[in-house]
Amino acid sequence: MQDDYRADVAVIGAGIMGTAIVTRLIETGHKVSVFDLDAEKVAALVAKGARAASSVEDAVSASEFCVLSLNHANIVRAVVFGEKGVAAAANAGKLLIDMSSIDPAETAEMAARLRRETGMAWVDCPLSGGVPGALGGRLTIMAGGNLEDFERARVVMRHLAANYTLMGTSGAGQTTKLINQLFCAVLFQAVAEAVKLAEAGGVDAAAIPTALAGGRADNRIMQEFMAKFAARDFSPTGRIDNMLKDLDSLQAFALKTKTPLPMTGAVVEIHRLLCAGGLGPKDSAEMMRLLDGFRGD
């Protein structure tokens with residue numbers, strides 16, 4: 001397709017990421033139909049130029065591409081195959097782009113079913129980069145599907161992603177996202193512990209990223225989050241319970257494939273402990289509260 005081509009896109013899910021995705025697509029000239037059960041979230045996007053769809057089926061009927069931004073595989077399944085869902089309006093001329101983070105095996109099964117029953121193709125496109133990445137078109141997208149569908153999805157992805165990579169067949173994008181989350185979770189914990197160690201030694205933790213820049217320990221999470229953790233800046237950038245959801249999927253996949261993940265296992269239990277302590281909906285910086293002994297508000 002031509003570089004100046006703009007598409008009709010349905011976006012299902014107007015949460016934090018879905019809202020950012022819709023906003024970016026509108027700003028880059030796409031015509032967007034949005035559906036979410038939360039009418040206030042939809043209304044806010046309508047004010048930006050989106051069309052409010054009356055159902056998932058309605059959104060997909062008016063669109064060439066359908067982007068999903070949902071939290072769980074069971075929600076994805078209900079949205080795709082449930083009453084007035086994606087499948088009700090699906091055909092071979094449409095393409096589903098699932099930007100949710102869900103189980104690789106369930107992704108492959110649902111993708112095969114949708115194509116078999118309706119002819120509609122599916123590309124799994126989980127993301128990394130959060131809201132700032134989506135709004136700036138700088139997301140990292142790890143995709144699963146066939147090459148033709150991957151290239152077709154580029155019409156949408158070129159305005160959302162700076163790094164868009166085909167990792168393999170259906171489900172491979174989701175597997176790669178699990179690996180991404182493994183790195184993120186372990187590094188977040190490492191940053192929290194490094195902050196405490198710096199503080200114990202009388203070192204300004206916020207200065208550590210500059211001091212270690214370019215060395216072997218340098219990494220993006222340290223550069224972006226260490227000063228935030230050190231300042232106990234709990235402003236939202238990502239939820240602990242969402243990370244735990246991905247880590248649970250990771251562990252289930254590791255169990256299925258008999259892959260040992262001892263360090264990841266420990267970090268999963270730390271996230272579970274944080275959720276048990278009521279910090280699940282909070283930002284990852286709240287990991288500092290555990291090391292601080294849950295002192296303060």
Side-chain angles (χ1 to χ4, degrees), residues 7-26 30 32-38 41-42 45 50-91 94-115 117-118 120-131 133-134 139 141-145 149-150 152-157 159-161 164 170-174 176-177 242 245-246 249:
D8 290 324
V9 183
V11 177
I12 312 303
I16 293 174
M17 279 309 306
T19 292
I21 289 166
V22 171
T23 300
R24 175 65 177 175
L25 291 177
I26 291 171
H30 296 278
V32 183
S33 297
V34 61
F35 179 80
D36 192 280
L37 296 177
D38 189 324
K41 291 178 180 178
V42 174
L45 291 170
R51 180 183 77 89
S54 60
S55 66
V56 174
E57 180 182 10
D58 174 39
V60 176
S61 294
S63 305
E64 178 182 356
F65 298 92
C66 174
V67 173
L68 305 184
S69 182
L70 305 167
N71 282 330
H72 298 282
N74 60 340
I75 300 175
V76 171
R77 187 178 296 276
V79 162
V80 175
F81 298 108
E83 184 179 358
K84 293 187 177 181
V86 173
N91 58 56
K94 300 179 185 293
L95 178 65
L96 188 148
I97 301 170
D98 184 19
M99 300 186 74
S100 315
S101 295
I102 63 173
D103 180 73
E106 289 197 67
T107 290
E109 182 269 320
M110 286 189 285
R113 177 183 170 187
L114 185 66
R115 188 186 293 270
E117 294 181 359
T118 72
M120 186 175 183
W122 180 313
V123 181
D124 48 298
C125 290
L127 61 89
S128 181
V131 170
L139 290 173
I141 304 289
M142 55 268 344
D149 297 328
F150 168 80
R152 185 179 170 196
R154 197 182 292 276
V155 170
V156 176
M157 292 297 104
H159 292 126
L160 294 172
Y164 175 50
S170 184
Q174 298 293 356
T176 307
K177 177 60 186 286
N242 278 342
K245 181 262 296 183
D246 290 342
S249 295

Any side-chain heavy atom of Arg113 within less than 4.5 Å of one from Arg77? yes
Thr107 side-chain N/O to Gly171 backbone N/O, donor-acceptor pair under 3.5 Å: no
Are the charged groups of Arg51 and Asp8 less than 4.0 angstrom apart, N to O? no
Closer than 3.5 angstrom, by distance alone: can the side chain of Lys94 be matched with the main-chain N or O of Val60 as a donor-acceptor pair? yes
Please output the side-chain donor-acceptor pairs of residues 12-24 that fall under 3.5 Å, not counting sequence neighbours, one pair per line with the distance.
| from | atom 1 | to | atom 2 | distance (Å) |
| --- | --- | --- | --- | --- |
| Thr19 | OG1 | Ala14 | O | 3.0 |
| Thr19 | OG1 | Gly15 | O | 2.9 |
| Thr23 | OG1 | Thr19 | O | 2.8 |
| Thr23 | OG1 | Lys48 | NZ | 3.0 |
| Arg24 | NE | His159 | O | 2.5 |
| Arg24 | NH2 | His159 | O | 3.4 |

Supply the atom-to-atom distance Ser69 OG to Ile75 CD1, rounded to the nearest 0.5 angstrom. 11.0 Å
Would you mind reporting whether Arg115 and Asp149 have side-chain heavy atoms less than 4.5 Å apart? yes
Side chain proximity check, Met157 to Ile97, heavy atoms < 4.5 angstrom: yes
Shortest non-hydrogen contact between Ala50 and Val34, atoms and distance: CB-CG1, 4.0 Å
Treating Tyr164 as the side-chain partner and Phe150 as the backbone partner, does any N or O pair qualify as donor plus acceptor under 3.5 Å? yes
Which heavy atom in Leu95 sits nearest to a heavy atom in Met120, and how many Å separate them? C-CE, 3.6 Å
Answer yes or no: is there a donor N or O on one side and an acceptor on the other, between the side chain of Glu57 and the main chain of Glu83, under 3.5 Å? no
So, do Asp124 and Lys177 sit near enough that their side-chain heavy atoms are less than 4.5 Å apart? no
I'd like to know if the side chain of Lys84 and the backbone of Val56 have a donor-acceptor N/O pair within less than 3.5 Å. no
Within the structure provided, determine whether Met99 and Leu160 are in side-chain contact (heavy-atom separation under 4.5 Å). yes
Has the side chain of Lys245 got a donor or acceptor atom that lies under 3.5 Å from a matching backbone atom of Ser101? yes
Closest approach of Ile141 to Cys125 (non-hydrogen atoms, all atoms of both residues): CG2-CB, 3.6 Å
Within the 4.5 Å heavy-atom criterion, are His72 and Glu106 side-chain neighbours or not? no
Val80 side chain reached by Leu68 side chain, heavy atoms, under 4.5 Å: yes
Which heavy-atom pair separates Leu96 from Val86 by the least distance, and what is that distance? CD1-CG1, 3.9 Å
Return yes if some donor-acceptor pair links the side-chain N/O of Ser63 with the main-chain N/O of Cys66 below 3.5 Å, else return no. no
Tell me, do Glu117 and Phe81 make a side-chain contact under 4.5 Å, heavy atoms counted? yes
